[in-house]
Protein chains: 2
Amino acid sequence: MTRVDDLHTTAAARLRAAGQRYTGAREALVVALAGAGKPLTIADVLAACPGVPQSSAYRNLAALEQAGVVRRVITDEDFARYELAEDLTEHHHHLVCSSCGRVEDVTIPGDLESSMDRTLDRLARRTGFAQVSHRLDLIGTCRDCA
Amino acid sequence: MTRVDDLHTTAAARLRAAGQRYTGAREALVVALAGAGKPLTIADVLAACPGVPQSSAYRNLAALEQAGVVRRVITDEDFARYELAEDLTEHHHHLVCSSCGRVEDVTIPGDLESSMDRTLDRLARRTGFAQVSHRLDLIGTCRDCA
DNA sequence: CTTCCTGCAAAAGTTTTGCATTAAC
DNA sequence: GTTAATGCAAAACTTTTGCAGGAAG
């Protein structure tokens with residue numbers, strides 16, 4: 001079974017667990033997000049999934065998010081972006097260009113990641129907050145805008 | 001000169017540098033943000049500044065943001081929040097409750113902060129990205145929702 | 001007196017929803 | 001067959017903008 005089959009099997013299972021179905025439109029959305037290498041806007045998604053109307057894209061992305069297959073990504077743009085849930089991809093962060101708004105995925109060396117995790121764990125413990133996750137983005141200037 | 005006077009002097013100077021004026025409405029917005037202890041929504045701001053119409057709030061917050069007095073804060077809600085620019089407040093991060101959406105400011109011990117900064121600096125250097133700033137939020141469950 | 005700000009109302013943009021129909025299981 | 005998904009259009013919501021009048025420097 002290939003990694004892609006695995007992805008679809010997992011997506012279908014999570015939807016089923018939520019009482020929902022893994023339809024063609026939903027599979028198309030997952031394929032688009034899996035191949036992008038960065039979080040996609042609704043416009044990106046619609047371009048990658050011709051024939052899927054906007055309202056279905058919104059509704060299906062919401063369903064996939066509730067099922068834990070997709071994550072809605074926050075940016076400083078005034079529209080949302082979507083990517084696959086973290087446990088379906090490599091752990092990564094985002095580089096956000098403050099000049100052109102471009103967003104790229106970035107993975108960092110394991111030792112940096114674990115140093116970061118240790119720091120965040122200590123931070124969570126000291127604040128008495130039940131930490132579920134963190135959100136870390138680097139905001140700067142991309143190579144094209146520099 | 002008190003700290004509050006200082007805040008208003010700085011705000012006025014930054015606006016003036018951008019060719020803009022420190023009017024009563026803008027002062028009211030700054031006072032509201034300075035006293036909140038957390039990033040405010042537009043609704044919060046309007047409640048704290050009676051008589052300021054919505055369009056003026058948006059326009060003035062945008063002007064204050066461009067002048068470097070105010071920062072627009074990104075959350076996973078579908079509306080924006082605003083706080084004073086970081087150099088006008090203590091450096092802090094945000095605790096975001098994934099259950100009720102509540103956002104709180106949090107400051108962390110200096111040693112944790114500098115360990116974090118070192119990690120982020122190394123991260124920026126290795127990615128070849130011109131790092132300007134970072135965005136770090138803790139997302140978890142607040143004391144009321146636990 | 002020139003430039004910027006204000007306030008109202010209308011518009012623009014993204015996202016959500018009602019409803020009848022179709023598809024999935 | 002029963003339940004959920006689809007597609008269209010219309011609505012809801014946050015945010016932006018045009019314009020005429022008023023305030024600031």
Side-chain angles (χ1 to χ4, degrees), chain A residues 8-9 11-33 39-47 49-67 69-83 101 103, chain B residues 8-9 11-33 39-47 49-67 69-83 101 103:
Chain A
H8 291 306
T9 304
R14 291 189 187 175
L15 282 168
R16 187 150 319 173
Q20 306 213 307
R21 299 163 187 166
Y22 195 45
T23 63
R26 289 175 184 181
E27 186 177 331
L29 297 178
V30 167
V31 168
L33 295 177
L40 297 183
T41 65
I42 288 290
D44 294 336
V45 166
L46 293 178
C49 305
V52 175
Q54 200 178 50
S55 65
S56 292
Y58 276 111
R59 260 197 284 234
N60 285 324
L61 287 169
L64 288 163
E65 187 184 21
Q66 263 205 299
V69 177
V70 156
R71 186 169 88 90
R72 190 181 174 154
V73 176
I74 307 309
T75 76
D76 51 2
E77 299 159 311
D78 47 6
F79 43 82
R81 288 176 179 267
Y82 295 85
E83 67 183 8
V103 181
Chain B
H8 291 306
T9 305
R14 292 189 186 176
L15 282 168
R16 187 152 319 173
Q20 306 215 307
R21 298 164 187 165
Y22 196 45
T23 62
R26 290 174 183 182
E27 186 176 333
L29 296 178
V30 167
V31 168
L33 295 176
L40 297 184
T41 66
I42 289 289
D44 293 336
V45 166
L46 293 178
C49 304
V52 175
Q54 201 177 48
S55 64
S56 292
Y58 277 110
R59 260 196 284 233
N60 286 324
L61 287 169
L64 289 163
E65 187 183 22
Q66 263 205 298
V69 177
V70 156
R71 186 168 87 91
R72 188 182 175 153
V73 176
I74 307 307
T75 74
D76 52 2
E77 300 160 309
D78 46 6
F79 43 83
R81 287 175 179 268
Y82 295 85
E83 66 184 8
V103 182

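So that the names make sense, note that chain A is the first sequence line, chain B the second, and so on, each numbered from 1. What you see below is based on every heavy atom in this structure, not just the backbone, and it leaves out hydrogens, waters and symmetry mates.
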Double-helix bend of the helix from C/dC1-D/dG25 to C/dC25-D/dG1, axes at both ends from 5 pairs, round to 10°, gives 40°
The side-chain contact (heavy atoms from CB on, under 4.5 Å) partners of A/Ala12 (sequence neighbours excluded) come to A/Tyr22
In short, side chain to side chain donor-acceptor pair (under 3.5 Å) pairs touching residues 69-82 of chain A with sequence neighbours left out are A/Arg71-A/Glu83, A/Thr75-A/Glu77, A/Glu77-A/Arg81
Sorted by chain and residue number, the side-chain hydrogen bond (donor to acceptor under 3.5 Å, both in side chains) partners of B/Thr23 (sequence neighbours excluded) come out as none
First and last nt of DNA chain D near chain B, cut-off under 4.0 Å to heavy atoms, 5' to 3', are D/dT14 to D/dA24
Taking for B/Asp78 and for B/Arg26 the nucleotide of DNA chain C with the nearest heavy atom, the one nearer the 5' end belongs to B/Arg26
Sorted by number, residues from residues 49-58 of chain B placing a heavy atom under 4.0 Å from DNA chain D are B/Gln54, B/Ser55, B/Tyr58
So A/Ala62, base contact, sugar-phosphate only, or nothing? Heavy-atom distance under 4.0 Å.
nothing
Residues of residues 12-25 of chain B with a heavy atom under 4.0 Å from any atom of DNA chain C, listed by number, are B/Gly19, B/Gln20, B/Arg21, B/Thr23, B/Ala25
Sorted by position of nearest nucleotide on DNA chain D, 5' first, the leading residue of B/Arg59 and B/Ala80 is B/Ala80
Taken in chain and number order and not counting sequence neighbours, the residues that satisfy salt bridge (charged side-chain N to carboxylate O under 4.0 Å, His left out) with B/Glu65 are none
### Message
Considering every strand and a 4.0 Å limit on heavy-atom distances, what is the contact class for A/Ala63: base, sugar-phosphate, or nothing?
### Response
nothing
List, one per line, each side-chain donor-acceptor pair under 3.5 Å for residues 53-62 of chain B, sequence neighbours excluded.
unit_1  : atom_1 : unit_2  : atom_2 : d
B/Asn60 : OD1    : B/Arg26 : NE     : 2.8
B/Asn60 : OD1    : B/Arg26 : NH2    : 3.2
B/Asn60 : ND2    : B/Ser56 : O      : 3.0

